[in-house]
Amino acid sequence: MTSHFGLMAIFSLLVSAFFALLSRDVPRESWRVFWVMSASMILASLLVAFVMLPFPLG
Amino acid sequence: MSQDPGSSRGAPLGTGRRLALLSCALAWLLPGAGHFFLGRRTRGMAFLGIVVTTYLIGLGLDGRAYLADREHPLTALATFANVGIGPLDVLQRRATYDRLVWQLPADPAREPLLAAMRTRVRSQNSDYGTAFLLTAGLMNLLLILDAYDVAVGRKATLEEQPE
């Protein structure tokens, strides 16, 4: 896979699943942490990418 | 969440330092094994799946293992993170350097290792793969600490908080 967004999304989902299971014992709370954390990571990454857009690539 | 070290009714083999160290050792040997041993079986299997998947994706993306270099002290931390994955660390070292090595030797023995590392880094996805490998190792280090907390009763057992 060469999609930067795809790799970032997979990374976010795996890390979110890990911390959701690690930090919460009740499944309902784990799912909530998982969705909030994964969405936050992906949206924050997109935001940072957008802010960096004016900077030169080289 | 219970903070009473004596309230570990759900732990199958009781608590104590020996149990805690055993669960830590198991957690290092195989991600999730510490939790599985302590009775958190579903959780242990889930951790195994998550950490090993992260690790295998890192290998598939041509991630590289770090070597501790005296000239660059921070590489020791990265190497420690890599070793956190346990015996699986062997795979990433063989893939990167084609041998088992954890420290960058002095000249001239370091050149072949640096050449192998450069070859790996040239791959398009190598940086992503390296991040996945480091993350997998760090996840497992956290699992080891969590298994210790469960074993000594710092975290509630499954009977106290249903999974």
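Just so it is clear, the values below take in all heavy atoms, side chains as well, and ignore hydrogens, waters and symmetry mates. Sequence lines set the chain letters: A, B, ... in the order given, protein chains first and strands last, and positions in each chain run from 1.
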Would a hydrophobic clustering, with Ile, Leu, Val, Met, Phe, Trp and Tyr connected at side-chain separations under 4.5 Å, put B:Val51 with B:Leu88?
yes
With the 4.5 Å side-chain cut-off for hydrophobic clustering, are A:Ile10 and B:Phe47 part of the same group?
yes
Are A:Phe19 and B:Ile57 connected into the same hydrophobic cluster when the rule is that any two of I, L, V, M, F, W, Y join if their side-chain heavy atoms are below 4.5 Å apart?
yes
With a 4.5 Å cut-off on side-chain heavy atoms, are B:Ile50 and A:Leu21 touching?
yes
Rounded to the nearest 0.5 Å, what's the gap from OH on B:Tyr128 to NE2 on A:His4? Could you check?
4.0 Å
Going from OG on A:Ser23 to CG on B:Leu142, what distance comes out if it is rounded to the nearest 0.5 angstrom?
11.0 Å
Keeping B:Arg43 on the side-chain end and A:Leu22 on the backbone end, is there a donor-acceptor pair under 3.5 Å?
no
Side chains of B:Leu143 and A:Phe18: closer than 4.5 Å at any heavy-atom pair?
yes
Tell me whether B:Val121 shares a hydrophobic cluster with B:Leu133, the cluster being built from Ile, Leu, Val, Met, Phe, Trp, Tyr side chains joined at under 4.5 Å.
no
Check this for me: B:Phe80, atom CZ, are more than 12 non-hydrogen atoms of other residues, nucleotides or ligands nearer than 6.0 Å?
no
Interatomic distance, A:Leu14 atom CG to B:Thr135 atom OG1 [nearest 0.5 angstrom]:
9.5 Å
